[in-house]
Amino acid sequence: MKTQINGTDILELGFPEGKIIGIALKINSKRNGFTREEMIENYKNVLEAPENYIDDKVFSKLAVALIEKSNEKPEDFIALNQNPNAYSAYGLDHIEDGARKQMEVAMKLPVTVAGALMPDAHQGYGLPIGGVLATKNAIIPYGVGVDIGCRMALSVYDIPEDFYFENEAKFKKELIANSIFGAGHGFHGQYKSDHAVLENETFNMNPFVKNLKDKAWSQLGSSGGGNHFVEFGIMEFAQDDAVLNIPKGKYVALLTHSGSRGMGATIAGHYTKIAKDECKLPEVARNLAYLDMNSQLGQEYWLAMNLAGDYASACHEIIHNKMERALGATILAKVENHHNFAWKEIWNGEEVIVHRKGATPAGKGVMGIIPGSMTAPGFLVRGKGEENAINSASHGAGRQMSRTQAIKNITQTEMKSILRDHGVTLIGAGLDEAPMAYKDINQVMEAQQDLVDVVAKFTPKLVRMADDGSKED
């Protein structure tokens, strides 16, 4: 039996309420030979560029309805700036048109001050993933993203490379024992962790946020689904690093990637809907609806976003503390950085709100981690503070295939082969996270030499991810 697509699914993609939902559902009732996943992918594409589907035999009626809707102007309509400033872009030759178009729209917002596109950029909702946008006194929930405060955290141990290969079974055991994955998954009873973040007063800000606390406590210290991971690998310092006080050499390291779990996703959905109701932008920019920072709603979202960021950091802290105790190791250095967030920063002499959706802070001297894929190296970097990039860099390699495309085009045999060739042991993960679904990290790093200096290289060896293909809940 086919799993039907319902109106809620269509709304969650960003379609406007009303007759357009009915048109979309009518198309889906026939399915036209498409799987559910393929239909969802097609809906996304039609929503982002309806002009490309005007003559399409399946989606033409939906495309025309979207174009007509985009020309409707309510009384409180907010016009876009038709003469926007240019944005900076890095590695533009390898960035898809969809991401470029989304960035062009973002630059037209009346609150936009500056923008930049990172070399790992690809199409997302509203602001592209890999997009950086500075705004004046306005916060864009979808400019931050769904997984608020998603981050990388690194612990470099005083354990030499050889010890890992001699004791791989122990590392595998501790990885399984001290991590948990999958949407909805959390801890119960005596297995729950405690952390000061649960005492944050922002949880009492309003009933909506307060109701998220129990779930947040259950999921505290877990990693969720999607592209999140916990992995051991070898960190190579090609030369001494005086700032971190680490001599040249190869060390065992733990690298984690995850965010604010169900709490962050719920906050994102709630305040995005509010922003869309409050901020009547043209259809093409609807997912970039913003909240005034001087308004109560703007302040509510700002506080909730920061709470979600603190919570994401706490999750990583718990995982790293558990692993440190399990291994009995001494940590030589810890580095953490986050994306899917907004910061108050000074740019060109004025305070702006800098949204980094899938982009890493890279101010002068700021440390960061830029991962590749489960078979490609990651890099420990130090920011150069490039103003044209709004003090930012990529947050990873970036996808070159959508999840649907990856599942359709990559086989289990191909995935196992590339893992074997790179000496990587994988626990969990589906074909949507196959290394081939990602851009070449070396090409991405080449495109941002002006943005960061490489301090050390991380080579994954033992990777754990969610094995149920889940996203955040």
Considering all heavy atoms, the nearest [X]-[Y] contact:
{"X": "Val197", "Y": "Ala314", "answer": "CG1-CB, 3.8 Å"}
{"X": "Ala134", "Y": "Val352", "answer": "CB-CG2, 4.0 Å"}
{"X": "Ile410", "Y": "Leu431", "answer": "O-CD1, 3.2 Å"}
{"X": "Gly14", "Y": "Asn287", "answer": "CA-OD1, 4.2 Å"}
{"X": "Gly372", "Y": "Ala397", "answer": "O-CB, 3.9 Å"}

Has the side chain of [X] got a donor or acceptor atom that lies under 3.5 Å from a matching backbone atom of [Y]?
{"X": "Glu386", "Y": "Asn388", "value": "yes"}
{"X": "Arg100", "Y": "Ile95", "value": "yes"}
{"X": "Asn340", "Y": "Gly145", "value": "no"}
{"X": "Ser392", "Y": "Ala389", "value": "yes"}
{"X": "Gln219", "Y": "Ala216", "value": "no"}
{"X": "Asp120", "Y": "Gly396", "value": "yes"}
{"X": "Thr112", "Y": "Ala114", "value": "no"}
{"X": "Gln400", "Y": "Met436", "value": "yes"}
{"X": "Ser260", "Y": "Ile148", "value": "yes"}

Residue pair [X] / [Y], side-chain heavy-atom distance below 4.5 Å:
{"X": "Ile267", "Y": "Met305", "answer": "no"}
{"X": "Val252", "Y": "Phe171", "answer": "yes"}
{"X": "Ile390", "Y": "Trp347", "answer": "yes"}
{"X": "Met374", "Y": "Glu433", "answer": "yes"}
{"X": "Met39", "Y": "Ile5", "answer": "yes"}
{"X": "Leu281", "Y": "Arg286", "answer": "no"}
{"X": "Tyr90", "Y": "Leu451", "answer": "yes"}
{"X": "Thr330", "Y": "Tyr157", "answer": "no"}

One thing to verify: whether [Y] and [X] come together as a salt bridge, which I'm taking to mean a side-chain N less than 4.0 angstrom from a carboxylate O.
{"X": "Asp241", "Y": "Arg382", "value": "yes"}
{"X": "Lys416", "Y": "Asp421", "value": "no"}
{"X": "Glu12", "Y": "Lys273", "value": "no"}
{"X": "Lys172", "Y": "Glu168", "value": "no"}
{"X": "Glu48", "Y": "Lys101", "value": "no"}
{"X": "Glu38", "Y": "Lys408", "value": "yes"}
{"X": "Asp450", "Y": "Lys384", "value": "no"}

Pairwise distance [atom1]([X]) to [atom2]([Y]) - rounded to 0.5 angstrom:
{"X": "Met103", "Y": "Lys108", "atom1": "CE", "atom2": "NZ", "value": "13.0 Å"}
{"X": "Ile427", "Y": "Ser179", "atom1": "CD1", "atom2": "OG", "value": "7.5 Å"}
{"X": "Asn306", "Y": "Tyr301", "atom1": "CG", "atom2": "OH", "value": "9.5 Å"}
{"X": "Glu236", "Y": "Lys248", "atom1": "CD", "atom2": "NZ", "value": "9.0 Å"}
{"X": "Ser402", "Y": "Ile40", "atom1": "OG", "atom2": "CD1", "value": "12.0 Å"}
{"X": "Thr135", "Y": "Ile140", "atom1": "OG1", "atom2": "CD1", "value": "5.5 Å"}

Between [X] and [Y], is any side-chain donor less than 3.5 angstrom from a side-chain acceptor?
{"X": "His228", "Y": "Asp147", "answer": "yes"}
{"X": "Ser313", "Y": "Glu336", "answer": "yes"}
{"X": "Ser155", "Y": "Glu324", "answer": "no"}
{"X": "Glu174", "Y": "Asn178", "answer": "yes"}
{"X": "Tyr125", "Y": "Gln102", "answer": "no"}

CA sep, side-chain torsions, deciding dist, call: Leu212, Thr266, side chain to side chain contact (heavy atoms under 4.5 Å, CB included): CA-CA 8 Å; Leu212 300 176; Thr266 306; 3.7 Å; yes
Carefully, step by step, assess Val284 and Leu80 under the rule side chain to side chain contact (heavy atoms under 4.5 Å, CB included). CA-CA 10 Å; Val284 69; Leu80 298 180; 4.0 Å; yes
Does Glu414 have more than 12 heavy atoms from other residues, nucleotides or ligands lying within 6.0 Å of its CD?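 Buried by this count: over 12 neighbours within 6.0 Å.
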Within a 6.0 Å radius of atom NZ on Lys250, are there more than 12 heavy atoms belonging to other residues, nucleotides or ligands?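 Not more than 12 within 6.0 Å, no.
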side-chain hydrogen bond (donor to acceptor under 3.5 Å, both in side chains), that's the test. Do Lys364 and Asn391 meet it? Break it down for me. CA-CA 8 Å; Lys364 190 165 183 61; Asn391 296 311; over 6 Å; no
Assign the ring pair [X] / [Y] to parallel, tilted or perpendicular, where the plane angle (0 to 90°) is split at 30° and 60°.
{"X": "Phe232", "Y": "Tyr164", "value": "tilted"}
{"X": "His338", "Y": "Trp343", "value": "tilted"}
{"X": "His320", "Y": "His316", "value": "tilted"}
{"X": "His339", "Y": "His395", "value": "perpendicular"}

Evaluate the side chain to side chain contact (heavy atoms under 4.5 Å, CB included) criterion for residues Asn227 and Tyr438: first the C-alpha distance (whole Å), next the side-chain angles of each, then the deciding distance (0.1 Å), finally the verdict. CA-CA 11 Å; Asn227 62 354; Tyr438 286 85; 3.6 Å; yes
Report yes or no: is the cationic atom of Lys357 (NZ for Lys, CZ for Arg) under 6.0 Å from the centre of the six-membered ring of Tyr142, at an angle within 45° of the ring normal?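 Yes, a cation-pi geometry holds between Lys357 and Tyr142.
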Could you please spell out the steps behind the side chain to side chain contact (heavy atoms under 4.5 Å, CB included) verdict for Asn442 and Val444? CA-CA 5 Å; Asn442 295 302; Val444 169; over 6 Å; no
